[in-house]
Amino acid sequence: MNNLLRKLLDDRLAQDFFTRETTKVAHDLLGKLLVSYHNKILLVGKIVETEAYRSDDPASHTYRGKTERNSTMFGPIGHAYVYINYGIHYGFNVVARDENFPAGGVLIRAVEPLEGIEVMKKNRHSASDASLKNLTNGPGKLTQAFGITKVDDHLDLLTSSKIFLAKNSIYPHENYTIEKSSRIGISKAREYLWRFYIKKLS
DNA sequence: CACCCGATTATCT
DNA sequence: GATAATCGGGTGT
């Protein structure tokens with residue numbers, strides 16, 4: 001268990017990964033790992049769906065400039081931007097942008113549970129169906145399963161071990177293609193195909 | 001399985 | 001005062 005955590009920390013994604021054009025980072029995060037180590041509990045999920053939100057994008061929280069809520073996305077690259085959505089759910093993003101944009105982030109929309117599945121099920125107590133499929137297949141679901149809340153807004157994912165992102169050199173690599181589409185749940189900029197997801201090949 | 005709708009509140013206008 | 005980067009339960013096919 002401790003060896004696993006050490007290995008994951010060795011594989012952590014660094015600042016240069018996130019200091020690139022936001023849609024490129026969103027694309028390349030697919031297949032990477034979302035890791036949380038908190039209260040001696042290790043949770044790991046493979047990222048299978050993301051969305052890019054750039055500051056020149058009418059659908060982004062940052063489109064109309066800096067406010068108290070969105071200030072994280074104008075701040076240091078690699079930090080976590082956690083926002084409350086629909087009054088009920090949390091959304092988890094990582095700040096990512098190149099020098100052409102003052103703000104930007106990638107929303108992690110879905111992961112596949114790999115480690116700590118029983119804890120995730122417990123965290124998702126409200127789920128009537130605690131099956132693997134319904135555990136972390138949505139932005140509000142994965143934050144609930146991982147215990148990510150508003151207190152994690154602004155957390156530095158480049159140095160924190162509570163939450164970080166890592167490449168996958170541990171778990172089996174499956175064959176898949178990367179698909180893109182319009183983003184979910186937005187009314188503006190529907191023509192931007194900035195949602196990326198993994199489609200498994202059988 | 002597809003669609004529809006209510007819940008619930010921070011944030012912005 | 002309206003909207004929202006969602007979810008889960010319900011209804012109907």
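Here is the naming used below: chain letters follow the sequence lines, and residue numbers restart at 1 for every chain.
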Inset, instruction - Check whether any side-chain nitrogen or oxygen of A/H61 sits under 4.0 Å from OP1 or OP2 of B/dT11, and answer yes or no. - result: no
Inset, instruction - Classify the angle between the aromatic ring planes of A/Y81 and A/Y83 as parallel (below 30°), tilted (30 to 60°) or perpendicular (above 60°). - result: parallel
Inset, instruction - Using the six-membered ring for Trp and the full ring for Phe, Tyr or His, decide whether A/Y53 stacks on the six-membered base ring of C/dA5 (centres under 5.5 Å, planes under 30°). - result: yes
Legend entry - Nearest-nucleotide comparison on DNA chain B, the residue closer to the 5′ end among A/K150 and A/I88: A/I88
Inset, instruction - Tell me which nucleotide among B/dT13, C/dA5, B/dA10 gets nearest to the side chain of A/L107. - result: C/dA5
Legend entry - Ionic contact status for A/D28 with A/R20, cut-off 4.0 Å: yes
Inset, instruction - Verify the contact: side-chain N or O of A/R109 to OP1 or OP2 of C/dT6, cut-off strictly under 4.0 Å; return yes or no. - result: yes
Legend entry - Spacing between A/Y63 atom OH and C/dT3 atom P, to the nearest angstrom: 19 Å
Inset, instruction - Using a 4.0 Å heavy-atom cut-off across all strands, classify A/R69 as base, sugar-phosphate, or nothing. - result: sugar-phosphate
Inset, instruction - With heavy atoms under 4.0 Å as the rule, sort A/I184 into base, sugar-phosphate or nothing. - result: sugar-phosphate
Legend entry - Phosphate OP1/OP2 of C/dG8 contacted by A/R124 side-chain N/O (<4.0 Å): yes
Inset, instruction - Describe the nucleic acid contact of A/I186 in one word from base, sugar-phosphate, nothing, applying a heavy-atom distance below 4.0 Å. - result: sugar-phosphate
Legend entry - Phosphate OP1/OP2 of B/dT11 contacted by A/T67 side-chain N/O (<4.0 Å): no
Inset, instruction - Grab the stems for DNA chain B, please: at least three consecutive Watson-Crick or wobble pairs, both distances below 3.5 Å, written as range with range. - result: B:1-7 with C:6-12, B:9-12 with C:1-4
Inset, instruction - Please work out if A/G138 contacts a base, only the sugar-phosphate, or nothing of the nucleic acid, heavy-atom cut-off 4.0 Å. - result: sugar-phosphate
